[in-house]
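What follows is one structure encoded as structure tokens, with my remarks underneath.
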Number of protein chains: 2
Amino acid sequence: MLININPTNGLAVYDQIARQIKFAVANRVLRPGDLVPSVRELAKNLAINPNTVARAYRELQAEQIIQTVRGTGLEITVAAPEICRNARQELIRLRLREVLEEAGRSQLSRTQVKQLFDKELSQYDETGNAS
Amino acid sequence: MLININPTNGLAVYDQIARQIKFAVANRVLRPGDLVPSVRELAKNLAINPNTVARAYRELQAEQIIQTVRGTGLEITVAAPEICRNARQELIRLRLREVLEEAGRSQLSRTQVKQLFDKELSQYDETGNAS
DNA sequence: TGTGCTGTACTATCTACATATTACAGTGGT
DNA sequence: ACCACTGTAATATGTAGATAGTACAGCACA
């Protein structure tokens, strides 16, 4: 199945759905013109309420990743791949900035933060690409 | 005043209190043996409920930053300065690790993440120490 | 043209969390 | 011993967010 829900994740169900769609788009599992599963079909498969799926799709529409084709369903937009690939990078950038701001409030020096980062980076085993 | 509350912060009031106490300890504004303001006094000054202050203090006790002196108040522990200084560094480390994990899930390469970090770091103006 | 699919909007419920209310228990100082 | 202060526990209230229930509106296809 395309989507996999973990109810004890802390993440909202609709958020998990939206993330996984974006992930699939970024990795070309879903391509422009493909239809995402219908609200009711996906809801049935995941044993959740259709409106929860609808909410995920609403967010994806707001980000112009899917668009409605009335009477037919929701399809991946042409712009979606670029949006999703940019978005995940921007997300990481934003998170990094937040951490740096917090470090600043804690009066950690730039070099201290850099040392922490390098150490964590070297410890972290990537699952995907080579470095 | 020692504590300053911003109600439109997104952060819970009790959390703001706890953070600012820790901050004061880390920067030697509060030293071991000092008494923190009493629950009712601080609550009155901040125009909030005493129990909200109590909750902040409860967390600080759980982290062994303050300890109760019955009938007298709550005092900064001997271990507090080290705990607070370590804690803020650990907090940053944890946040960095989370970002790296998210980057891994997004299949961003190690070098990509490092580039993002270096760029953000160079843009970020520290408020406190020199680098 | 009608039936079955599509998405969507409105409202209600459920849950988690922060905060407030109240009452209780112990200690220091007069 | 008593009073005024300390912290603390239990409970209630308020609020925001996620999810569910129901009803509605448009299009495809036979």
Side-chain angles (χ1 to χ4, degrees), chain A residues 2-22 25 30 32-77 80, chain B residues 2-22 25 30 32-77 80:
Chain A
L2 183 62
I3 307 289
N4 228 314
I5 295 300
N6 177 354
T8 61
N9 211 358
L11 286 178
V13 173
Y14 79 90
D15 199 30
Q16 296 186 47
I17 296 171
R19 279 171 188 250
Q20 291 183 35
I21 299 278
K22 289 184 213 170
V25 171
L30 287 174
D34 287 354
L35 292 176
V36 294
S38 89
V39 166
R40 287 174 180 79
E41 181 194 347
L42 185 54
K44 191 180 168 192
N45 285 343
L46 300 176
I48 60 177
N49 192 282
N51 230 356
T52 302
V53 179
R55 173 155 183 189
Y57 286 177
R58 202 185 316 147
E59 298 218 340
L60 292 170
Q61 283 183 75
E63 298 180 61
Q64 316 219 335
I65 290 162
I66 58 181
Q67 62 191 1
T68 158
V69 184
R70 271 225 160 271
T72 304
L74 290 159
E75 68 174 15
I76 308 294
T77 64
Chain B
L2 183 63
I3 307 289
N4 227 315
I5 295 301
N6 177 354
T8 62
N9 212 358
L11 286 179
V13 173
Y14 79 91
D15 199 29
Q16 296 185 46
I17 296 172
R19 280 170 188 252
Q20 291 182 35
I21 299 278
K22 289 185 214 170
V25 171
L30 288 175
D34 288 354
L35 292 175
V36 295
S38 88
V39 165
R40 287 172 179 79
E41 181 195 349
L42 184 54
K44 191 180 168 191
N45 285 343
L46 300 177
I48 60 177
N49 192 282
N51 228 0
T52 302
V53 179
R55 173 156 181 189
Y57 286 176
R58 203 185 315 147
E59 298 219 340
L60 292 170
Q61 281 183 79
E63 299 179 62
Q64 317 220 333
I65 291 162
I66 58 180
Q67 63 191 0
T68 158
V69 184
R70 272 224 158 274
T72 305
L74 291 159
E75 69 175 13
I76 308 293
T77 64

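Below, all heavy atoms of this structure are taken into account, side chains as well, without hydrogens, waters or symmetry copies. By convention in this document, chain letters (A, B, ...) are assigned in the order of the sequence lines, proteins followed by strands, and residues within each chain are numbered from 1. It should be emphasised that the depicted structure is a prediction, and the values quoted were computed from it without experimental measurement.
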Next item on the list: Send over the distance from B:E59 CD to D:dT8 C1', rounded to a whole Å.
Entry: 15 Å
Check: Using a cut-off of 4.0 Å on non-hydrogen atoms, how would the nucleic acid contact of B:R55 be classed: base, sugar-phosphate, or nothing?
Finding: base
Notebook entry, point to check: B:E75 near the nucleic acid: base, sugar-phosphate alone, or nothing, with a heavy-atom cut-off under 4.0 Å?
Noted result: nothing
Check: What heavy-atom pair brings A:G73 and A:L35 nearest, and what distance separates the two atoms?
Finding: C-CD2, 4.3 Å
Check: Nearest nucleotide by nearest heavy atom, which residue falls closer to the 5' end of DNA chain D, B:V39 or A:I48?
Finding: B:V39
Note to self: I want to check one thing: is the phosphate of D:dG7, taken as OP1 and OP2, less than 4.0 Å away from some side-chain N or O of B:T68?
What the structure shows: no
Next item on the list: Could you tell me whether A:V69 contacts a base, only the sugar-phosphate backbone, or nothing, with contacts defined as non-hydrogen atoms closer than 4.0 Å?
Entry: nothing
Checklist line | A:A12 side chain, from C-beta outward: closest of C:dG28, D:dA20, D:dT19 | finding: D:dT19
Check: Which atom pair, heavy atoms only, marks the closest approach of B:T52 to B:Y14?
Finding: O-CB, 3.6 Å
Margin query: Side chain of A:A54, heavy atoms from C-beta onward: which of D:dA18, C:dT8, D:dG7 has the nearest atom to it?
Written below: C:dT8
Next item on the list: Pick base, sugar-phosphate or nothing for B:Y57, based on heavy-atom distances below 4.0 Å to the nucleic acid.
Entry: nothing
Check: Nearest heavy-atom pair of A:I3 and A:Q20: which atoms, and what distance?
Finding: CA-OE1, 3.5 Å
Check: Between D:dA23, D:dA20, D:dT19, which one does the side chain of A:R40 approach most closely?
Finding: D:dA23
Note to self: Using the side-chain heavy atoms of B:L74, tell me which of these nucleotides is nearest: D:dG7, C:dA18, C:dT6.
What the structure shows: D:dG7
Next item on the list: For A:R58, answer base if it contacts any base atom (sugar-phosphate contacts may also be present), sugar-phosphate if it contacts only those atoms, and nothing otherwise; contact means non-hydrogen atoms under 4.0 Å.
Entry: nothing
Check: B:I17 has an atom CD1; how far is it from atom C1' of C:dA18, in whole Å?
Finding: 12 Å
Check: How many Å lie between CG on A:L46 and C1' on D:dA20, as a whole number?
Finding: 15 Å
Next item on the list: Answer with base, sugar-phosphate or nothing: what part of the nucleic acid does A:Q61 contact at a heavy-atom distance below 4.0 Å?
Entry: sugar-phosphate
Next item on the list: Locate the shortest heavy-atom distance separating A:T77 from A:Q64; write the atom from each residue and the value.
Entry: OG1-O, 2.8 Å
Check: What are the two closest non-hydrogen atoms of B:N49 and B:A43, and how far apart are they?
Finding: C-CB, 3.9 Å
Notebook entry, point to check: Starting at the 5' end of DNA chain D and moving along, which residue's nearest nucleotide shows up first, A:N49 or A:T72?
Noted result: A:N49
Note to self: Closest approach to the side chain of A:N51, judged atom by atom: which nucleotide of C:dT19, D:dG7, C:dA9 is it?
What the structure shows: C:dA9
Next item on the list: Figure out the NZ/P separation between A:K44 and D:dA20, and round it to whole Å.
Entry: 17 Å
Next item on the list: Let me know the distance between CD of B:Q67 and C1' of D:dT8, rounded to the nearest Å.
Entry: 17 Å
Note to self: It should be established whether A:T52 places a side-chain nitrogen or oxygen under 4.0 Å from OP1 or OP2 of nucleotide D:dA20.
What the structure shows: yes
